[in-house]
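Comments concern the structure below.
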Amino acid sequence: MKSDKNITMKEAKRRTGLSSRQIRYYDEQDLIFPERSSGNQRLFSESDIKVLEKIKELLAQGNSIETIRSKITAPEIEEDLSEDDYQALDYDDSFNKYGGADLDSLYPVSNRSALLKKLSLINKTKSPEGESKDGKKD
DNA sequence: CTTCTGACA
DNA sequence: TGTCAGAA
């Protein structure tokens, strides 16, 4: 995984087509989680850009930012999502950041939902029929 | 020069 | 959401 959070605001604006005001606003809405470095400046990752692009897309589709936030922070598990959806909502950098660190405050249920989704997908995809004959478990 | 935050229209 | 001010 490469979670290079080196994308500047300018780049983010250029790549997403969103205004700095919007990007900052979405950041406040916890839709994106840019690293903060030198001069308290935002450093976005590819995942952040991806999310921003999705936000823009959803926004263009006539969704309110609250709706968008719901979709991005807590995507429905019951939805018939395809692997594409997961790619669109790439939390790898988020997991990477909070995965090894002490995650106890941030990420209320967003991670869990996304994780559950991924897990359920893997479950369906791989069809894991693990029948333990012997009742031996650790 | 570019970005950040807070605030106003 | 755009834009201004003051600071970094």
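So you know, we letter chains A, B, ... as the sequences are listed, proteins then strands, and number each from 1.
Taking the charged nitrogens against the carboxylate oxygens, A/Glu46 and A/Arg15 do have a contact shorter than 4.0 Å, which makes a salt bridge. A salt bridge links A/Arg36 with A/Asp27: the closest approach of a Lys/Arg side-chain nitrogen to an acidic carboxylate oxygen falls below 4.0 angstrom. At a threshold of 4.0 Å, the pair A/Glu11-A/Arg14 counts as salt-bridged, since one of the basic side-chain nitrogens sits closer than that to a carboxylate oxygen.
Taking CD1 of A/Ile55 as the start and OH of A/Tyr25 as the end, the distance is 11.0 Å to the nearest 0.5 Å. Note that OG1 of A/Thr16 is 6.0 Å distant from CD1 of A/Ile49, once rounded to the nearest 0.5 Å.
The CD1 atom of A/Ile68 sits 14 Å away from the C1' atom of C/dT1 (whole-angstrom rounding). In this structure, the NZ atom of A/Lys10 is 9 Å from the C1' atom of B/dC1, given to the nearest Å. Atom NZ of A/Lys13 is separated from atom P of B/dT2 by 9 Å (rounded to the nearest Å). Rounded to a whole Å, the CZ atom of A/Arg14 is 16 Å from the C1' atom of B/dT2.
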Next on the checklist: For nucleotides 4-9 of chain B, give me one character per nucleotide, 5' to 3': B if any protein heavy atom sits under 4.0 Å from the base, S if the only such contacts are to the sugar-phosphate, - if neither.
Outcome noted: SB-BB-

Next on the checklist: For A/Asp30 and A/Arg69: C-alpha separation, side-chain torsions, deciding distance, then whether salt bridge (charged side-chain N to carboxylate O under 4.0 Å, His left out) applies.
Outcome noted: CA-CA 8 Å; A/Asp30 273 2; A/Arg69 189 181 55 193; over 6 Å; no

